[in-house]
Peer 1: 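Handing you a structure now.
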Amino acid sequence: MNITEKLIKSHLVSGEMKAGEEIGIKIDQTLTQDSTGTMAYLQFESMGVEKVRTELSVAYIDHNTLQSGFENADDHAYIQSVALKHGIRVSKPGNGICHQVHLERFSRPGKTLIGSDSHTPTCGGMGMLAIGAGGLDVALAMGGAPLYLTMPEVVKVELKGRLAANTSAKDIILEVLRRLTVKGGVGKVMEYCGDGVLSLSVPERATIANMGAELGATSSVFPSDETTREFLRAQGREADFVPLAADEGASYDDGITIDLNILRPLAACPHSPDSVVPVSELSDIKVDQVCIGSCTNSSYADMTKVAAILKGKTVHPSVSLTISPGSRQVLTMLSKSGALADMISAGARVLECACGPCIGMGQSPRTNAVSVRTFNRNFYARSGTASANVYLVSPETAAFTALNGTLTDPSRFPQVFAQTPDKFEINDNLILRPEDHPNVTVVRGPNIKPFPESSKLSKNISGKALIVCGDNITTDHIMPSNSKLLPYRSNIPYLSDYCLDPVDPDFSERAKKNGGGFIIAGSNYGQGSSREHAALVPLYLGIKAVLAVSFARIHRSNLINNGIMPLVFADASDKDKIKEGDELFIADAPGEIISGDTITVLDKTNGAKITAVMELSPRLKKVMLAGGMLADIAAKAEK
Ligand code: MIC
Ligand code: SF4
C-alpha cells in the first residue's frame with residue numbers, strides 16, 4: 001500500500017477503497033478558524049451534542065483579527081465561549097495561523113484531521129491525512145460522525161536530487177501547479193516520495209502540502225521519517241512520532257517526477273496560482289509591495305532566511321515590505337535570536353501572527369500596484385485592490401525583491417541558510433483548555449445571526465439563469481472576503497449583497513428581484529477556499545442549482561450540504577446554449593434523483609433540453625431530497 005491507502009485503511013468505517021467510491025473515515029482531530037468557525041459552531045450547537053467526540057478539537061482565532069468595529073470581537077467571544085463549553089481548545093488571537101500552530105503543537109503522524117479551512121492539508125507534511133472541508137462537515141466530525149468523501153486517486157510525486165541554492169520548497173509546489181494546473185488535483189491525493197523528500201524539513205514539506213489545495217487536491221501526504229521525529233523532538237513531542245512509509249513496490253494511479261537539481265525559482269503570475277513562469281523572466285517588473293507570511297511560508301525556517309537576506313540592508317524606497325510570522329513561537333524565537341531586529345532595521349513592517357494581508361485584512365496595495373507575496377492565492381481582487389497584480393513566490397525571492405525593487409531571481413545570490421533549532425520555544429499559554437474553564441456561558445453579541453435554513457427539495461423547479469460565468473470561478477468571486485466583509489461572516493443577509501460581486505456587481509440585486517434562480521458556470525466552479533458562505537449566501541438568495549462544466553471538491557460538498565443541486569453538463573458544449581435571463585425548468589427533480597444520476601433541464605426560452613449529471617451516493621441522495629444536511633439530520637431525529 002501507499003501511505004494514503006494506509007492512512008485511509010486505518011480509519012475506514014464504511015465503503016470500499018476503490019477510487020471514485022464513497023468512503024467514510026473516522027476523524028481523530030478537527031480544527032476551525034474564526035471566519036468559518038462561527039457558522040460551524042452555530043451548526044454544531046444545533047445538533048445538540050454536549051462534548052466533542054474527537055481525540056482533539058481546536059478552535060483557532062487567526063483570520064478576523066483586525067478589530068475595526070465590534071463585529072470581529074463579538075465573533076471571538078462567541079467562538080471562545082462556545083468552544084470551551086463543548087470540550088474544544090481555543091488558540092487565542094495572537095497565537096498564530098491555524099495551520100502553522102497545528103503543525104507545531106498538535107499534528108501527529110498517522111492521524112486524520114479535518115478543518116474548516118482549505119489549507120488544512122498543511123499537516124500532510126507531518127504524515128497526517130489532513131483534509132479541508134466545509135464548516136458543517138467539521139461540525140459533524142466534532143459530533144463523532146465520519147467524514148464521507150470520494151475515495152481519491154493517489155498521485156506519486158517523486159522528488160529527485162536536491163534543491164539548488166536559494167531555490168525553495170515553494171518552487172517545488174509552483175512547479176507541480178505549472179504542470180497540473182488548478183484543477184489537476186481534483187479527486188486526488190498527492191503523495192510525495194523519492195530521495196528529494198529526505199532533504200526537506202517538516203516546514204518545507206508543510207509548504208508543499210499546504211499549496212496542494214491550489215491543485216484542488218483532496219490532500220497531500222509526506223512520509224513520517226527521521227526528519228519528522230527530529231521536528232517533533234524539537235517541539236517537545238517525540239512521543240507523538242510514528243514512522244510511516246509506502247510499502248516497497250506500492251502502486252499509484254498516476255505519477256510525476258521533479259528533478260530538484262534543475263528546478264529554478266518560480267512565480268505564479270496574476271491572477272491564478274498555476275500561471276507559473278521562472279522568476280528570471282520577470283526581472284523587468286517594478287514592485288510596490290512585498291508581503292511575507294501566510295500559512296504557506298511563515299515558519300521559523302522561512303523567517304530566518306528572510307532575516308539573513310535583509311540583515312544590514314534597506315528595503316527599496318518604492319517598496320512597502322510587510323512580514324507576518326506564522327505563530328507566536330516563530331515570533332518569540334525571531335525576537336530572541338535577533339532576527340526580528342534585522343528585519344525591523346531593514347525597514348520591514350512587522351504585522352501580528354495572523355492571516356492578515358493574505359485574506360485582504362489590511363495592506364491592500366495601491367491602485368494598479370504590483371504586489372509580490374509568499375502566499376498561496378493571487379485570485380482576482382483577493383488583496384482588496386481589484387486593479388492590483390499579485391505574484392506568488394518563495395520567501396527568498398520575496399526578500400531579494402524587497403531590497404531590489406524589481407522581481408529578483410534569488411539564485412543569482414550566495415546561498416542563505418535557514419536556522420533549524422534543536423529545540424523550539426514552547427509556550428502554550430495562549431491555548432485555552434476546556435478543563436480549566438468548567439463553567440462557561442456562551443456569549444452571543446448582536447453580530448451573531450442565525451444561519452439560513454434550507455427546505456425540502458421542491459418537485460418542480462423553475463427560475464432564470466441569473467448569470468453565466470466562465471471557468472475557474474473561485475469562492476473569492478462567489479463570496480468575497482476582505483476587511484470590509486469578513487466581520488460579517490455570521491451575518492448572511494448582510495453578505496448576500498456582495499455575492500458574485502467581482503464577476504457582476506448586479507448579480508445579487510438580480511437574484512433578489514427574481515426570487516432566486518440558477519447559476520451557470522464553466523469548469524472548476526468554486527475552487528479555492530472552504531468557506532461555506534459561498535453556498536449559504538446563494539441559498540439565502542434562493543439559488544436552486546448551479547449548472548457547471550465541473551466543480552471543485554469542497555464547494556460541491558458545501559452546495560449539497562445546503563440543499564443546492566450541483567449539476568454537471570453531460571455535454572460541456574451545452575453551456576453555450578444557455579444565455580443569461582433564460583427561463584429554466586426541471587420537472588420532478590426528486591423523482592429524477594431517486595431514479596438515476598441525470599436531471600433534465602429545459603431551457604424554456606429556446607426550447608433546448610439539457611442533460612445534467614448529479615452523481616450522488618444513496619446517502620447524499622437522501623440529503624439532497626431532504627433539502628440539505630441539517631434538514632436530513634432533523635428529519636432522522638424526528639423519526
Ligand atoms: C482562504 O485562504 O481563502 C481562507 C480565508 O483561509 C478560507 C477560509 C475562509 O474563507 O474563511 C479557506 O482557505 O478555506
Ligand atoms: Fe489564512 Fe491565507 Fe492561510 Fe487562508 S491561505 S488560512 S487566509 S494565511
Side-chain angles (χ1 to χ4, degrees), residues 31-40 59-66 72 75 79 91 93 96-103 114-123 130-135 137-138 173 206-207 209-214 216 273 291-299 302 322-327 330 351-363 373-384 390 392 474-483 485-490 495 498 526-537 552-555 557-558:
L31 70 80
T32 57
Q33 41 88 338
D34 50 319
S35 63
T36 53
T38 41
M39 275 300 153
Y60 291 91
I61 300 179
D62 56 355
H63 279 61
N64 299 329
T65 56
L66 201 66
N72 285 350
D75 286 358
I79 289 174
S91 173
I97 305 174
C98 54
H99 309 304
Q100 177 65 26
V101 177
H102 209 85
L103 183 76
I114 70 165
S116 62
D117 192 281
S118 63
H119 291 102
T120 303
T122 310
C123 285
I131 299 177
D137 285 326
V138 178
I173 186 62
T207 292
N210 171 284
M211 233 180 139
E214 276 51 67
C291 299
I292 299 177
S294 93
C295 56
T296 318
N297 279 122
S298 59
S299 63
D302 281 341
T322 72
I323 297 181
S324 339
S327 69
V330 173
L351 309 179
E352 72 174 315
C353 313
C355 300
C358 178
I359 187 59
M361 292 303 270
Q363 307 303 328
R373 301 174 163 212
T374 63
F375 306 167
N376 47 37
R377 290 186 173 145
N378 57 349
F379 299 147
Y380 173 71
R382 182 175 159 100
S383 66
V390 177
L392 307 175
T474 71
T475 51
D476 279 296
H477 289 108
I478 307 169
M479 193 54 256
S481 274
N482 53 43
S483 60
L485 292 181
L486 264 189
Y488 296 98
R489 279 292 182 96
S490 332
L495 288 182
Y498 301 89
Q527 70 157 327
S529 100
S530 68
R531 70 188 67 137
E532 220 170 0
H533 304 73
L536 285 165
V537 166
R553 176 186 64 89
I554 307 179
H555 185 60
S557 300
N558 286 341

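All ligand and atom numbering here is 1-based and tracks the order in the structure. Basis for what follows: all heavy atoms, side chains included, without hydrogens, waters or symmetry-related copies. Because the structure is a prediction, the values reported are computed rather than measured.
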Peer 1: What atoms of ligand 1 come within less than 4.0 Å of a heavy atom belonging to R382?
Peer 2: 1 (C), 2 (O), 3 (O)
Peer 1: Considering non-hydrogen atoms of the protein only, which is the closest contact for atom 8 (C) of ligand 1, and what is the distance?
Peer 2: Q33 NE2, 3.1 Å
Peer 1: As an exercise, identify every atom of ligand 2 less than 4.0 angstrom from a heavy atom of D117.
Peer 2: 6 (S)
Peer 1: Which ligand 2 atoms are under 4.0 Å away from a heavy-atom of I359?
Peer 2: 7 (S)
Peer 1: Say you draw a straight line from CD1 of I131 to CZ of R553; how long is it, rounded to the nearest 0.5 Å?
Peer 2: 6.0 Å
Peer 1: In Å, rounded to the nearest 0.5 Å, how long is the span from OG of S116 to CG of D137?
Peer 2: 10.5 Å
Peer 1: Do me a favour and list the nearest non-hydrogen protein atom to atom 10 (O) of ligand 1 with residue, atom name and distance?
Peer 2: R531 NE, 2.6 Å
Peer 1: In terms of atom number and element, which parts of ligand 1 are under 4.0 angstrom from non-hydrogen atoms of H63?
Peer 2: 4 (C), 5 (C), 6 (O)
Peer 1: Can you measure from CG (L351) to OG1 (T322) and round to the nearest 0.5 angstrom?
Peer 2: 4.5 Å
Peer 1: List ligand 1 atoms under 4.0 Å from D117, heavy atoms only on the residue side.
Peer 2: 4 (C), 6 (O), 7 (C), 8 (C), 12 (C), 13 (O), 14 (O)
Peer 1: Closer than 4.0 Å to some heavy atom of H119 - which atoms of ligand 2 meet that?
Peer 2: 5 (S)
Peer 1: Give the contacting part of R377 toward ligand 1: side chain, backbone, both or neither, where contact means a heavy-atom distance below 4.0 Å.
Peer 2: side chain
Peer 1: Distance under 4.0 Å to a non-hydrogen atom of S35: what atoms of ligand 1 satisfy this?
Peer 2: 9 (C), 11 (O)
Peer 1: Say you draw a straight line from NE2 of H63 to CG of D75; how long is it, rounded to the nearest 0.5 Å?
Peer 2: 13.0 Å
Peer 1: Please could you name the atoms of ligand 2 that C358 approaches to less than 4.0 Å, counting only its heavy atoms?
Peer 2: 2 (Fe), 5 (S), 7 (S), 8 (S)
Peer 1: Which heavy-atom pair separates G526 from T475 by the least distance, and what is that distance?
Peer 2: O-CG2, 3.5 Å
Peer 1: Heavy-atom contacts with I359 under 4.0 Å: which atoms of ligand 1 show up? List them by number with element.
Peer 2: 5 (C)
Peer 1: Using 0.5 Å steps for rounding, measure from the OG atom of S118 to the CG atom of N376.
Peer 2: 7.0 Å
Peer 1: Which ligand 2 atoms does N376 reach within 4.0 Å, using its non-hydrogen atoms?
Peer 2: 5 (S)
Peer 1: Return the residue, atom name and 0.1 Å-rounded distance of the protein heavy atom closest to atom 13 (O) of ligand 1.
Peer 2: S118 OG, 2.6 Å
Peer 1: What residue and heavy atom of the protein are closest to atom 1 (Fe) of ligand 2, and at what distance?
Peer 2: C355 SG, 2.3 Å
Peer 1: To the closest 0.5 Å, what do you measure between CZ (F375) and SG (C355)?
Peer 2: 9.5 Å
Peer 1: Counting non-hydrogen protein atoms only, what is the nearest one to atom 12 (C) of ligand 1? Give residue, atom name and distance.
Peer 2: S529 CB, 3.1 Å
Peer 1: Which ligand 1 atoms, with their elements, are less than 4.0 angstrom from a heavy-atom of R489?
Peer 2: 9 (C), 10 (O), 11 (O)
Peer 1: Provide the number and element of each atom of ligand 2 under 4.0 Å from a heavy atom of C295.
Peer 2: 3 (Fe), 5 (S), 6 (S), 8 (S)
Peer 1: Kindly indicate, with the supporting measurements, whether the criterion side-chain hydrogen bond (donor to acceptor under 3.5 Å, both in side chains) is fulfilled by S294 and R377.
Peer 2: CA-CA 10 Å; S294 93; R377 290 186 173 145; over 6 Å; no
Peer 1: At a threshold of 2.8 Å, where the distance has to be below it, does atom 1 (Fe) of ligand 2 have an N, O or S atom of C98 nearby?
Peer 2: no
Peer 1: Would M479 count as a contact residue for ligand 1, given that I'm defining contact as a non-hydrogen atom of the residue lying under 4.0 Å from a ligand atom?
Peer 2: no
Peer 1: For M211 versus P273, what's the shortest heavy-atom pair and its separation?
Peer 2: CE-CB, 4.2 Å
Peer 1: Please work out, at 4.0 Å between heavy atoms, whether the side chain, the backbone, both, or neither of T296 comes within that distance of ligand 2.
Peer 2: neither
Peer 1: Any atoms of ligand 1 less than 4.0 Å from a non-hydrogen atom of S530? List them with their elements.
Peer 2: 12 (C), 14 (O)
Peer 1: Quick one: closest heavy-atom pair of T120 and H99, and the distance?
Peer 2: N-CE1, 3.3 Å
Peer 1: Do you see an N/O/S atom of H63, backbone or side chain, under 2.8 Å from atom 2 (Fe) of ligand 2?
Peer 2: no
Peer 1: Between H99 and atom 3 (Fe) of ligand 2, is there a contact where an N/O/S atom of the residue lies under 2.8 Å from the metal?
Peer 2: no
